[in-house]
Amino acid sequence: LQSEEVQEVIIYVLNALGNFATSECMWPALQELGVVKHVAGFINTDREEILINALFCLANMTGDPFERAWMMENGTYRQVWQHMTENRNLRVMQYALALLRGLAVEPEAQEILPRLGLVPHLVGIFTSMAATGFLKTLVLDIFLHLSFRSSNADMMLQPNVMAVIEQAARGDANLEYIPVGVAIIANLCENIQMHDLIISSPLYEIVQGLVQNDNTAIQVHVIRAMMHLALSPKYHHVLLATGVMANVCPIAMTNRLTVEMRANALQMMGAVCATHTTTPTEDDVLSLLFLICNDKEHMEVRRASMLVIANASSDKGNMNTLLNKSYIESLVITLSKSKDEVLVDYLMQFFHNICKLDNKAGSMMLRCGYEKHMFTYERLESLSITSAIYLCDTCRQLADDAVVRGQLMQEMILKTMLD
């Protein structure tokens, strides 16, 4: 690689190394040989064909986190940036951009690259009539990585950048850009301070328009965006108006979807349910109970399902739906078997809340065996502080009913708790 005499050989070697770098199994050998350090030396060469192959090789090597960190530490991005601004060869720009796309995975790069002035160049490339589809894909990938850094949200929501995101998410230039465009919007929604701007922008209109889209690659990001927006209670009514809640349980019940997507949908409903407690329908409650009580279901899904039910149980409007003996029996049994602290916390919140729904709720809980499963040494010792507080207040409310109080005393619950 150090030879300057046989340049054609150097080109072929760089190309071969770049191809090797696409295979993860080759990374240790390439690290041991110090390939990145040697190849980086060719970035300042005068011969474009060598430069192109060097950039190609380095771009492929950004897949290796070790080499990516080395390039960031040694300022490779600065040298590449010069070629982005000074070199007019389209192939040089393409591979330079590919290299920066690979580095943009690093949080440090997500902070540094915008400061270099990369963003206006990205906008210019995407809006250029001469830009190829591959170049535009690279631009969107870099914007996607930059959007992971919350402090970049203000920059990403500037009119020129927002126009690029909007064009991609609408699929104006290419329908294949839609998932990436919506993913960028979902990432920006993570920044709660930007919710006002997003809701009033065309970006929210795009997400709203895709609520009923049945493409999973798109829907996963629509749900994620809505889940983040649900963290702003003042916009819950806006989310409800989209009809997205009707999709939540069907998504949650579909095992072939990712756990993240299913849990995000449920967390969105749980957040909205905190202010609009009658959000879950009777059919939703049945689906949620199935997910909660199924011990083979993923714990994240069970937790998020129980969060919805716990929040719904705080409103008397849900009394007729939730005060069902078979439902309560199922949750009592789930409580007795569960060892997950978060799930138990939500279950304890539910039982605490339903005591307030009706005067006869306490009697129903005892008929369902609540005290037999709850007041055992193992169960009491395993409670978190949150659950213990819920339990104490639940007992206080149950004690207001003389009949229930008598049953509790008869079961010697007080002795158990004191021991």
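None of these values were measured; they are calculated from a predicted model.
- A salt bridge does not link D295 with K337: none of the charged nitrogens is closer than 4.0 Å to a carboxylate oxygen.
- In this structure, NZ on K136 lies 14.5 Å from CG on D141, to the nearest 0.5 angstrom.
- Open room surrounds CZ on F290; 12 or fewer heavy atoms of other groups in view lie less than 6.0 Å from it.
- Taking CD of Q397 as the start and SG of C355 as the end, the distance is 5.0 Å to the nearest 0.5 Å.
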*asked:* With side-chain contact (heavy atoms from CB on, under 4.5 Å) as the criterion, how do L188 and H228 come out once you've worked through the C-alpha distance, each side chain's angles and the decisive distance to 0.1 Å?
replied: CA-CA 9 Å; L188 295 175; H228 290 311; over 6 Å; no
*Run the numbers on M374 and T394 for side-chain contact (heavy atoms from CB on, under 4.5 Å), then give the verdict.*
CA-CA 12 Å; M374 187 67 246; T394 300; over 6 Å; no
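- For the pair T216 and R256, the minimum side-chain heavy-atom distance is below 4.5 Å.
- Without hydrogens or angle criteria, N19 side chain to N15 main chain gives a donor-acceptor distance under 3.5 Å.
- Taking 4.5 Å as the limit, every side-chain heavy atom of M156 sits out of range of all side-chain heavy atoms of V119.
- The backbone N or O of A21 sits nowhere less than 3.5 Å from a side-chain atom of N60 that would complete a donor-acceptor pair.
- Interatomic distance, CG of L366 versus NZ of K372, reported as 8.0 Å (0.5 Å rounding).
- With rounding to the nearest 0.5 angstrom, the CZ atom of F134 is 8.5 Å from the CG atom of L97.
- For the pair N353 (side chain) and A310 (backbone), a donor-acceptor distance under 3.5 Å is present.
- Within the 4.5 Å cutoff, the side chain of P114 has no heavy atoms near those of the R149 side chain.
- Under 3.5 Å, the side chains of D345 and S384 contain a donor-acceptor pair of N or O atoms.
- Side-chain contact between L331 and L289 is present, with heavy atoms from C-beta onward closer than 4.5 Å.
- In this structure, the side chain of R68 engages the main chain of T62 through a donor-acceptor pair within 3.5 Å.
- In terms of modelled atom types and a separation under 3.5 Å, the side chain of Q110 and the main chain of A104 share a donor-acceptor contact.
- Contact record, I354 with S313: CG2-CB, 4.0 Å, taken as the closest heavy-atom pair.
- The minimum heavy-atom distance linking S147 with N187 is given by the pair OG-ND2, 2.9 Å.
- Between Q267 and R303, every side-chain heavy-atom pair lies at or beyond the 4.5 Å cut-off.
- At distances below 3.5 Å, not a single donor-acceptor pair connects side-chain atoms of S23 with backbone N or O atoms of C25.
- When side chains are defined from C-beta on, L100 counts as touching L113, because their heavy atoms get closer than 4.5 Å.
- Inspection of the N74 and T76 side chains reveals no N or O donor paired with an N or O acceptor under 3.5 Å.
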*Dump the intermediate steps for side-chain contact (heavy atoms from CB on, under 4.5 Å) on Y177 and T137, then the final yes or no.*
CA-CA 8 Å; Y177 297 158; T137 299; 3.7 Å; yes
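- Taking the six-membered ring where tryptophan is involved, the planes of H121 and W81 are perpendicular, since the angle between them exceeds 60° and thus also 30°.
- Among the candidates R262, M261, E260, the single residue satisfying the side chain to side chain contact (heavy atoms under 4.5 Å, CB included) test with V220 is M261.
- At least one donor-acceptor pair closer than 3.5 Å links the side chain of R379 to the backbone N or O of L335.
- Note that the OG atom of S151 and the CD atom of E111 stand 6.5 Å from one another [nearest 0.5 Å].
- At a threshold of 4.5 Å between non-hydrogen side-chain atoms, the residues I112 and M72 count as touching.
- A 4.5 Å side-chain heavy-atom check between N318 and L323 finds every atom pair outside the cut-off.
- The backbone N or O of L383 sits nowhere less than 3.5 Å from a side-chain atom of E341 that would complete a donor-acceptor pair.
- Between Q349 and Y390, the shortest heavy-atom distance links the atoms CG-OH, 3.5 Å.
- Formation of a donor-acceptor pair under 3.5 Å by the N152 side chain with backbone atoms of L146 is found in this model.
- For the residue pair C273 and V308, the shortest heavy atom distance occurs at SG-O, 3.8 Å.
- Taking all atoms of both residues into account, the shortest heavy-atom contact from P179 to I218 is CG-CG1, 4.0 Å.
- For the atom pair CG (L239) and CD (Q208), the distance works out to 9.5 Å, reported to the nearest 0.5 Å.
- Scanning both residues, P233 and T275, for their nearest heavy atoms gives CB-CG2, 4.1 Å.
- Q158 places a side-chain N or O within 3.5 Å of a backbone atom of D154 that can act as its donor or acceptor partner.
- In this structure, F20 places its CZ atom where only 12 or fewer heavy-atom neighbours from other residues, nucleotides or ligands lie under 6.0 Å away.
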*Starting from the C-alpha separation in whole Å, work towards a yes-or-no answer on side-chain contact (heavy atoms from CB on, under 4.5 Å) for Q219 and N247.*
CA-CA 10 Å; Q219 192 64 209; N247 299 343; 4.1 Å; yes
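- Counted by atom type alone, S287 and D284 present zero donor-acceptor pairs between their side chains at under 3.5 Å.
- Between the side chains of Y95 and N53, no donor N or O sits under 3.5 Å from an acceptor N or O.
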